[in-house]
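What follows is one structure encoded as structure tokens, with my remarks underneath.
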Amino acid sequence: MRIGIYGGTFNPIHNTHIEIAKAALAQFQLDRVYFLVAGNPPHKDTAENIPDTCRLEMVSIAIQDEEKLFIDDREIYRAGKSYSYLTLTELKEEYPSDEFFFIMGSDSILYFDKWVNPETISKCATILVAPRLGDDEEAIRNTIHTFQETYEGEFKLIDYKANGIASSIIREDFYNNDDTRLSLKQSVADYIIEHNLYSAHNYNYSDILKLSEEMKVALKPGRYIHTLGVATTAYSMALKWNYPAYNAMVAGMLHDSAKCITDEKRISICEKNNIPISEIEYRFPHLLHGKVGAFYCKDKYNVFDEQIAHAIAVHTTGCPAMNLLDKIIFVADYIEPGRDKQPRLDILRYMAYTDLDKCVYMILEDSVEYLNSNPEMVDPTTIDTYNYYKKYMKERG
Ligand SMILES: [Fe+2]
Ligand SMILES: [Fe+2]
């Protein structure tokens, strides 16, 4: 087989990556191209608060309908730096009768002689150079020619006219410029939004410690312990479901921040700030602690992330079509380690890490059953949410 290996951070994968892979497939009669997702590359800082697993998932989503495109995740799991010569040597050993073609961007080829063991790379694979927008094609050809003279092996230019934008621009502009989303598959753009990637608001452990101190003062001791339980459960669930984990922890930390204030204060905060109050919330103002907690995010705790505020606002009732963080906080609030009165806790704690939508639905079932015995307390949003997930689960099968 003739196999293309396309290395990169793919942070995120965009249409140009796919088009380059397809151009290489056609021009060099390749049987397949593997996207080799870099783990800890020596040349680039990929951290940018994006979990490696998110980059892997985005590549998987982007190629799911492509017959000849595959993913290779070995560099994500390998210890140490992601040196290409190691990967290519491994591949050569694993598939001795296959012929390899290593695809790299024209920006990388300029520094090829600075890579670790470039001679091993060019010996293991034909190097295919992918042009980038604004390239001086003549200069690239000259560089290729020089390396062709210096190293054993072949260097070729992929016949492709680059017109897309770079991943770095997508990361910077994703939320400000709708055009950037056009350079991505819709499914990848949806993933970025659902997982809150490239957001301007990324939190770290010192933010958590600071908020924890503030909650210790704002909450009664039992509520504070519950809060720590929700924050740590949200953190572990976020790791499982590939959501920025400290952001989830911030949401857990602040979800009940408006729990230990008076009903009068909750109502007056809502009235002063044009936060709508429903009829049931007027009757049972403690139900407002989600909405007021969301307001407190910006107003009191300098947390400006919209997904965090939304998850806090809906954490008591849920809402139809919850996003990923909404679900994490809704579930974490119900299953945190201090809970012991809810039914089915063992199975719910298991489902929280295996089937999140089903877990949400099971919690709603139990909530509706509980509320049926206290009908005067039923918030219509809980019923709407229950009906939405009942239909969703039925259709999902
Ligand atoms: Fe709450
Ligand atoms: Fe809570």
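Nothing fancy with the numbering, it's 1 onward along the sequence. Both ligands and their constituent atoms are indexed starting at 1 by order of listing.
- Ring centroids of Tyr151 and Phe112 are separated by less than 6.0 Å, placing the two rings close together.
- The distance between the ring centers of His289 and His286 does not fall below 6.0 angstrom.
- Looking only at its N/O/S atoms, Asp256 has OD1 as the one nearest to the Fe ion (ligand 1).
- Here the two rings, on Tyr198 and Tyr175, have centers that are 6.0 Å apart or farther.
- In Asp333, the N, O or S atom that comes nearest to the Fe ion (ligand 2) is OD1.
- Considering Ile329, Ile335, Ile328 as possible partners of Val331, the one that fulfils the side-chain contact (heavy atoms from CB on, under 4.5 Å) test is Ile335.
- At least one N/O/S atom of His255, from backbone or side chain, sits under 2.8 Å from the Fe ion (ligand 2).
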